Asker: 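My questions will all concern the structure given below.
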Amino acid sequence: MTRLSNVVRQLDDVSAEPSVVTIGVFDGVHRGHRTIIGRAVREAEDRGIRSVAVTFDPHPTSVVRPDLMPPLLQRLDDRVATLALAGVDLVLVLPFTVELSQLEPGEFVAKVLAGSLAAEKVVVGTNFRFGHKAAGDVVTLADLGSTYGYETEAVSLLHLGDTPISSTQVRQHVEAGDVEWAAAALGRPWRHVGEVVRGEGRGRTIGVPTANVQAPEGLVVPGGGVYVARARCGEDSWDAVVNVGTRPTFDGTTTSVEAHLLDVADGPVADGPNLYGRTLELSLLARLRDEQRFDGPDALVAQIHADIAAARDHLASLG
């Protein structure tokens with residue numbers, strides 16, 4: 001079996017062959033998700049058949065309860081890429097529609113797991129729910145397996161300390177600025193990904209040029225503060241200090257994400273790398289301090305240089 005995942009975005013485009021299937025939104029593809037996916041991959045290898053990860057777009061909550069829709073941890077393309085890296089043979093991005101949301105559990109199984117997927121085994125977390133109004137659970141899934149000819153395996157939730165790892169928990173920790181807990185739960189640093197857009201240019205005027213990274217609509221924004229990060233654009237990467245907040249020293253009112261790239265002589269928007277209109281990925285490694293208001297630009301610049309020194313110390317400690 002090839003280890004390169006194929007990606008299919010319509011159930012009708014899936015070739016008919018036996019599969020071990022895992023299914024979920026998988027927002028963030030955290031360590032708990034990868035434990036479940038890993039079980040599916042190993043089971044498929046043992047059986048000599050393909051492994052399939054089924055995810056949804058848009059997020060089901062945006063269809064059934066849009067008022068409760070949370071911000072997501074990843075863009076869809078990043079989620080799909082992370083699922084592919086987890087080792088499945090096929091990623092199926094299932095369009096989540098009103099019609100799909102209204103399928104009863106048995107209808108959902110018949111439509112999604114039977115047919116082209118030809119599921120021989122389904123691997124899910126113990127908290128898995130499916131079907132209209134989330135009426136189906138793991139017991140329902142197993143009972144339906146006797147009709148449709150698949151086995152069911154429920155994988156226990158993974159914990160970080162006393163806290164179960166979930167997309168909700170990762171999201172809450174990122175929003176609180178605790179990116180180190182999020183990284184431990186994800187198994188990698190959480191990334192803020194967005195297009196570099198023109199800001200007010202104030203960073204360059206005070207000698208600390210920054211790249212203003214847009215926060216895509218619908219994605220989580222980290223809590224206000226200053227972070228040490230690694231930045232990447234295409235094949236290029238830099239260490240960075242990232243400020244998230246409203247820039248209270250200058251009476252700002254809207255939240256921005258600004259990255260100062262270290263060891264770039266003229267900054268990201270002067271004679272250094274031209275990043276305008278390009279996508280910048282910021283892997284947040286640690287939070288250095290809260291955002292705060294300073295008496296003026298000189299005090300702010302002094303603190304920024306202290307932040308840069310602290311960031312270098314942190315990066316040195318990581319090797």
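For clarity, every value in this text was computed on a predicted model and none was experimentally measured.
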Asker: Please find the pair of heavy atoms, one from L282 and one from A259, that lie closest to each other, and give the distance.
Answerer: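 Reported closest heavy-atom pair: CD2-CB, 3.9 Å.
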Asker: To the closest 0.5 Å, what do you measure between CG (L158) and OG (S166)?
Answerer: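 One finds 11.5 Å between CG of L158 and OG of S166.
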Asker: Without swapping roles, check the side chain of Y150 against the backbone of L141 for a donor-acceptor pair under 3.5 Å.
Answerer: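 Between the backbone of L141 and the side chain of Y150 there is a qualifying donor-acceptor contact (under 3.5 Å).
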Asker: Looking only at heavy atoms, what is the nearest atom pair of C233 and L275, with distance?
Answerer: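 Heavy atoms of C233 and L275 come nearest at SG-CD2, 3.8 Å.
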Asker: How many angstroms lie between atom CZ of R31 and atom CZ of R188, to the nearest 0.5 angstrom?
Answerer: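 It is 11.5 Å, given to the nearest 0.5 Å.
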Asker: Report yes or no: does T22 contribute a side-chain atom to a donor-acceptor pair with the main-chain N or O of V123 at less than 3.5 Å?
Answerer: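 Between the backbone of V123 and the side chain of T22 there is a qualifying donor-acceptor contact (under 3.5 Å).
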Asker: Under a plain distance cut-off of 3.5 Å, with no hydrogens placed, do T55 and R79 share a side-chain donor-acceptor pair?
Answerer: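 Side-chain D/A pair, R79 to T55: present.
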Asker: Going through the checks in order, is the side-chain contact (heavy atoms from CB on, under 4.5 Å) test met by K111 and L11?
Answerer: CA-CA 9 Å; K111 181 177 178 64; L11 187 60; 4.3 Å; yes
Asker: Would T279 and V193 satisfy side-chain contact (heavy atoms from CB on, under 4.5 Å), going step by step from the backbone distance to the final call?
Answerer: CA-CA 7 Å; T279 297; V193 182; 3.5 Å; yes
Asker: L72, V244: one ILVMFWY side-chain cluster at the under-4.5 Å cut-off?
Answerer: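 Looking at the clustering, V244 is in a separate group from L72.
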Asker: Do D307 and R289 meet the salt-bridge criterion of a basic N to acidic O distance under 4.0 Å?
Answerer: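 Yes.
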Asker: Where do V63 and P58 come nearest, in terms of heavy atoms and distance?
Answerer: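 The pair with the smallest heavy-atom distance is CG2-CG, 3.9 Å.
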Asker: Using a strict threshold of under 4.0 Å (side-chain N to carboxylate O), is an ion pair present between E153 and R39?
Answerer: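 Yes, R39 and E153 are salt-bridged.
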Asker: Rounded to the nearest 0.5 Å, how far does OG of S237 lie from CG of L280?
Answerer: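 Answer rounded to 0.5 Å: 10.5 Å.
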Asker: Does CG belonging to D162 count more than 12 external heavy atoms closer than 6.0 Å?
Answerer: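 No - once you tally the heavy atoms of other residues, nucleotides and ligands closer than 6.0 Å, there are 12 at most.
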Asker: Give a yes or no on whether a salt bridge exists between R47 and E151, defined as a side-chain N under 4.0 angstrom from a carboxylate O.
Answerer: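 Yes, charged N to carboxylate O under 4.0 Å.
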Asker: Might you work through the side-chain contact (heavy atoms from CB on, under 4.5 Å) test for V124 and V138, ending with a clear yes or no?
Answerer: CA-CA 8 Å; V124 295; V138 171; 4.2 Å; yes
Asker: Would a 4.5 Å heavy-atom cut-off, applied to side chains only, mark D89 and N6 as touching?
Answerer: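 D89 vs N6: side chains apart.
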Asker: Could you check D263 against R312 for salt bridge (Lys or Arg N to Asp or Glu O under 4.0 Å), going step by step and ending with a plain yes or no?
Answerer: CA-CA 11 Å; D263 302 318; R312 292 189 188 280; 3.1 Å; yes
Asker: Would you check if the side chain of R34 reaches a backbone N or O of L186 as a donor-acceptor pair within less than 3.5 Å?
Answerer: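 Pair found, side chain donor or acceptor close to backbone of L186.
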Asker: Is E43 reaching over with its side chain to a backbone N or O of A40, donor-acceptor style, under 3.5 angstrom?
Answerer: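 Here the side-chain-to-backbone pair does not exist.
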Asker: Can a side-chain donor-acceptor contact be found between T140 and D137 if the only test is distance below 3.5 angstrom?
Answerer: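 Checked: D137/T140 side chains pair up, N/O donor to acceptor below 3.5 Å.
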Asker: Under a 3.5 Å distance rule, please check whether T82 uses its side chain to pair with a backbone N or O of D78 as donor and acceptor.
Answerer: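 Such a contact is found between T82 side chain and D78 backbone.
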Asker: Is the Lys NZ or Arg CZ of R198 less than 6.0 Å from the centre of Y276's six-membered ring, within 45° of the axis?
Answerer: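 Relative to the ring axis of Y276, which defines the angle, R198 lies inside both limits.
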Asker: Where does the angle between the aromatic ring planes of F108 and F56 fall among parallel (under 30°), tilted (30 to 60°) and perpendicular (over 60°)?
Answerer: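 Geometry flag for F56 against F108: tilted rings.
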Asker: Drop me the distance from E104's CD to F130's CZ, to the nearest 0.5 angstrom.
Answerer: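 Taking CD in E104 and CZ in F130, the distance rounds to 10.5 Å.
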Asker: Would you kindly confirm whether V29 and V7 end up in one hydrophobic cluster when ILVMFWY residues are joined by side chain heavy atoms under 4.5 Å apart?
Answerer: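 Yes, V29 connects to V7 through the hydrophobic network.
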Asker: Is it the case that the side chain of R42 and the backbone of I37 share a donor-acceptor pair, with hydrogens and angles ignored and the cut-off at 3.5 Å?
Answerer: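 Pair absent, no side-chain N/O of R42 close to backbone of I37.
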Asker: Would you mind reporting whether E258 and V242 have side-chain heavy atoms less than 4.5 Å apart?
Answerer: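 Result no, sub-4.5 Å side-chain heavy-atom pair not found.
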Asker: For the side-chain contact (heavy atoms from CB on, under 4.5 Å) test, which of L90, V93, L94 pairs with V8?
Answerer: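 Only match with V8 under side-chain contact (heavy atoms from CB on, under 4.5 Å): L90.
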Asker: Looking only at atom types and distance, does a side-chain atom of H33 sit under 3.5 Å from a main-chain N or O of H30, one as donor and one as acceptor?
Answerer: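 Pair found, side chain donor or acceptor close to backbone of H30.
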Asker: Keeping H314 on the side-chain end and A310 on the backbone end, is there a donor-acceptor pair under 3.5 Å?
Answerer: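 Answer holds: no.
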Asker: Between L92 and V14, is there a side-chain heavy-atom distance shorter than 4.5 Å?
Answerer: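 They are in contact (side-chain heavy atoms under 4.5 Å apart), so the answer is yes.
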Asker: Heavy atoms, side chains only, cut-off 4.5 Å: are S283 and W190 in contact?
Answerer: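 Not touching, per the 4.5 Å side-chain cut-off.
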Asker: Do V64 and L68 belong to the same hydrophobic cluster, where Ile, Leu, Val, Met, Phe, Trp and Tyr are linked whenever their side-chain heavy atoms lie under 4.5 Å apart, directly or via other members?
Answerer: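 Cluster IDs for V64 and L68 differ.
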Asker: Mind checking whether H159 and I165 have side chains closer than 4.5 Å, heavy atoms only?
Answerer: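 No, every pair of side-chain atoms sits at 4.5 Å or beyond.
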Asker: Are L219 and L76 linked, directly or through other ILVMFWY residues, by side chains that come within less than 4.5 angstrom of each other?
Answerer: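 Unlinked, L219 and L76 end up in two clusters.
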Asker: If I take atom CG from residue L144 and atom OG1 from residue T152, how far apart are they, to the nearest 0.5 angstrom?
Answerer: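 So the gap between those two atoms works out to 8.5 Å.
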Asker: Consider only side-chain heavy atoms of I, L, V, M, F, W and Y, link residues closer than 4.5 Å, and tell whether L100 and V98 are in one cluster.
Answerer: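 The answer is yes; both residues are in one hydrophobic cluster.
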Asker: Identify the heavy atoms of L160 and A185 that sit nearest to each other, and give their distance.
Answerer: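 Smallest interatomic distance, heavy atoms only, reads CD2-N, 3.9 Å.
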Asker: Less than 4.0 Å between a side-chain N and a carboxylate O, is that true for D27 and R171?
Answerer: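 Yes, charged N to carboxylate O under 4.0 Å.
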Asker: Shortest non-hydrogen contact from E195 to G277?
Answerer: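 So the two residues come closest at OE2-CA, 3.4 Å.
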Asker: Less than 4.5 Å apart, side chain to side chain, heavy atoms only: is that true for R191 and L284?
Answerer: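 In short, these two side chains do not touch, never coming nearer than 4.5 Å.
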Asker: Give, for atom CZ of R75 and atom CG of D57, the distance between the pair rounded to the nearest 0.5 Å.
Answerer: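 It comes to 13.0 Å.
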Asker: side-chain hydrogen bond (donor to acceptor under 3.5 Å, both in side chains) for E120 and S19? Distances and angles first, verdict last.
Answerer: CA-CA 6 Å; E120 289 191 4; S19 312; over 6 Å; no
Asker: Determine, step by step, whether H173 and V170 satisfy the side-chain contact (heavy atoms from CB on, under 4.5 Å) criterion, reporting the C-alpha distance in whole Å, the side-chain angles of both residues, the deciding distance to 0.1 Å, and the verdict.
Answerer: CA-CA 5 Å; H173 280 81; V170 175; 6.0 Å; no
Asker: Is there side-chain contact between Y227 and N243, with at least one heavy-atom pair below 4.5 Å?
Answerer: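 Heavy-atom side-chain distance check fails, nothing below 4.5 Å.
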Asker: Is the closest side-chain heavy-atom distance between P209 and H260 below 4.5 Å?
Answerer: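 The answer is yes, as the side chains (C-beta and beyond) meet within the 4.5 Å cut-off.
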Asker: I'd like to know if the side chain of R230 reaches the main chain of W238, judged simply by a donor and an acceptor atom lying under 3.5 Å from each other, with no hydrogens or angles considered.
Answerer: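 A pair under 3.5 Å: no.
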Asker: Taking 4.0 angstrom as the limit, do R9 and D77 come out as a salt bridge?
Answerer: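 Yes, charged N to carboxylate O under 4.0 Å.
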Asker: Can you name the nearest heavy-atom pair linking A286 to E180, along with the distance?
Answerer: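 Smallest interatomic distance, heavy atoms only, reads CB-CD, 3.9 Å.
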